[in-house]
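Okay, structure first, notes after.
Atoms within each ligand, like the ligands themselves, are counted from 1 in listed order. Excluded from the calculations below are hydrogen atoms, water molecules and symmetry mates; all remaining heavy atoms, backbone and side chain alike, are included.
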Amino acid sequence: MSDTLQRFLFEQAPVRGGCVQLAATWQAILERHDYPAPVRNLLGQMMAAAVLLSSTLKMKGRLSLQMRGDGPLKFMVVECTNGHFLRGIAQCDEVVPTSFIELMGQGSLVITLEPQESKERYQSIVNLTGDCLADALGDYLQRSEQLDTHLWLSADGQHAAGLLIQKLPANWTDEEQELWIRVKHLSETIKDQELLTLTQAEIIRRLYHEEDVRVFELEPVCFRCSCSRERVSNMMRSLGYDEIQTILAEQGGVHVACEFCNQKYSFDAVDVKQIFTDNAIDGASPTRH
Ligand SMILES: [Zn+2]
C-alpha cells in the first residue's frame, strides 16, 4: 500500500471519483503523537478526506478541515495543500468513547480554503451532522455547494484510506441519472477492510468492473509540516516585544515546539533582538549585524 491518490471518471456520465491510501504519511503523524484508538482512527479518516476534497478543487492553495466539539475530543485539524502535503493534529481526553457522536458532542465543522495567490480565506462553519465524518462532509457539500458527494473513510493503526464519488453539475439524462444511482450502490458495498488493504486498482476493479472508468495517473501524497523558523519569528513579533522579553527573562530563552510535527525552535537574547529590529520584515530572515 502506497501514499497515493487515484482520481477517476466515469465515461458514461459526469461523475468523478477519487481513492486515497496513506501509509508512511499516516505513520509520520502517529510517530509524533499518541492518540487513543477512536481519535486516531478519526484523524486518519480526516486526513484521507482532506486529500479527497482538495482533489476536487480547482484552487491552488491549502484546504483545512477542522472539528471542534464539547465532547472528549476537543479539537481536530487537518491541512492539505494542492500538492498533497498533509499535516494534522488532535486534542482529546485520555479516555474516550468510540462513537463519533459521543466523541464530538455538540460540534462544528470548519472548512477553510486559502488560495495561494490571494490573502483572502474562505471559511464555512456548519454544525456537525450524521453519525460519522464521511456523512458530515457529504452533508456539508450537499447543502453548501449543492454537490451530491459521497465519501467512505477508514483508518487503523497502519493505514488511512478513503473513497469519494461526486456528481458534477450538468444537464443529466435519465441514463446518466441511472448510472449515478448504480455507482452509488456499488460504492456503498466497499468494506473498511478492503479500503485499508486493497490497492486502488483493485478497489476500482472490485466496485466498478462493469462500468467504463477512466483512471488518471497516481499522485503522490506525503506528510510535510509548513512550520519554519521564520513563521515562529513572525508569531513572536505578533506577541510583541514586551511579552517576549518577559519570557526571555523568566526562561533564559524562547523555546517553541511546533504542535504538528514537534520540531523545536529556540531563540536566545541575540536572536530575539534581531527579530525585533526594523530590518526584520514578515517572512524574511532577520539580518545579522
Ligand atoms: Zn511543524
Side-chain angles (χ1 to χ4, degrees), residues 3-5 20 22-36 39-55 57 59-68 73-92 94 109-116 119 121 123 155 157-160 219-240 243-244 247-248 251-268 271-272 274-276 280-286:
D3 293 83
T4 47
L5 166 71
V20 64
L22 307 174
T25 306
W26 182 218
Q27 291 310 313
I29 302 277
L30 297 183
E31 274 164 19
R32 289 166 172 85
H33 296 279
D34 202 9
Y35 298 114
V39 171
R40 175 198 70 196
N41 294 350
L42 189 55
L43 183 61
Q45 292 178 23
M46 206 180 200
M47 307 265 302
V51 180
L52 291 169
L53 294 185
S54 74
S55 79
L57 301 172
M59 170 201 91
K60 275 212 159 75
R62 187 161 57 176
L63 164 92
S64 77
L65 299 177
Q66 212 183 94
M67 287 194 295
R68 285 179 184 281
L73 174 58
K74 312 289 176 223
F75 175 72
M76 186 177 274
V77 64
V78 171
E79 294 173 358
C80 183
T81 68
N82 58 289
H84 311 318
F85 295 135
L86 273 173
R87 67 174 191 170
I89 195 171
Q91 278 168 11
C92 62
E94 268 174 45
L109 174 67
V110 184
I111 299 177
T112 312
L113 301 180
E114 293 169 83
Q116 226 162 46
K119 284 245 153 81
R121 306 164 95 215
Q123 197 165 65
Q158 301 301 315
H159 301 117
E219 297 165 47
V221 179
C222 72
F223 169 79
R224 184 179 293 178
C225 192
S226 52
C227 70
S228 66
R229 199 168 167 86
E230 282 70 27
R231 282 191 166 202
V232 177
S233 304
N234 288 338
M235 185 268 289
M236 285 162 62
R237 264 182 224 118
S238 68
L239 280 174
E243 176 78 26
I244 297 297
I247 298 171
L248 201 57
Q251 298 173 15
V254 181
H255 309 286
V256 181
C258 171
E259 51 182 6
F260 283 92
C261 70
N262 294 345
Q263 172 72 44
K264 291 179 178 60
Y265 297 95
S266 290
F267 301 83
D268 61 17
D271 297 327
V272 168
Q274 279 166 352
I275 285 171
F276 286 95
I281 48 163
D282 279 8
S285 318

Measuring from [X]:[atom1] to [Y]:[atom2], what's the distance to the nearest 0.5 Å?
| X | Y | atom1 | atom2 | answer |
| --- | --- | --- | --- | --- |
| Gln66 | Thr112 | CD | OG1 | 6.0 Å |
| Met67 | Leu73 | CE | CG | 6.0 Å |
| Asp271 | Arg229 | CG | CZ | 5.0 Å |
| Gln263 | Ser228 | CD | OG | 10.0 Å |

Legend entry - Any donor-acceptor N or O pair under 3.5 Å, side chains Asn234, Arg237: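 The criterion, which ignores hydrogens and geometry beyond distance, is satisfied for Arg237 and Asn234.
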Legend entry - Cation-pi check, Arg62 onto Phe85 ring (under 6.0 Å, within 45° of axis):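 Not satisfied by the 6.0 Å and 45° rule.
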Inset, instruction - Sort by chain and number the protein N/O/S atoms that are closer than 2.8 Å to the Zn ion (ligand 1), and list them. - result: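 Checking every protein N, O and S atom gives Cys225 SG, Cys227 SG, Cys258 SG, Cys261 SG.
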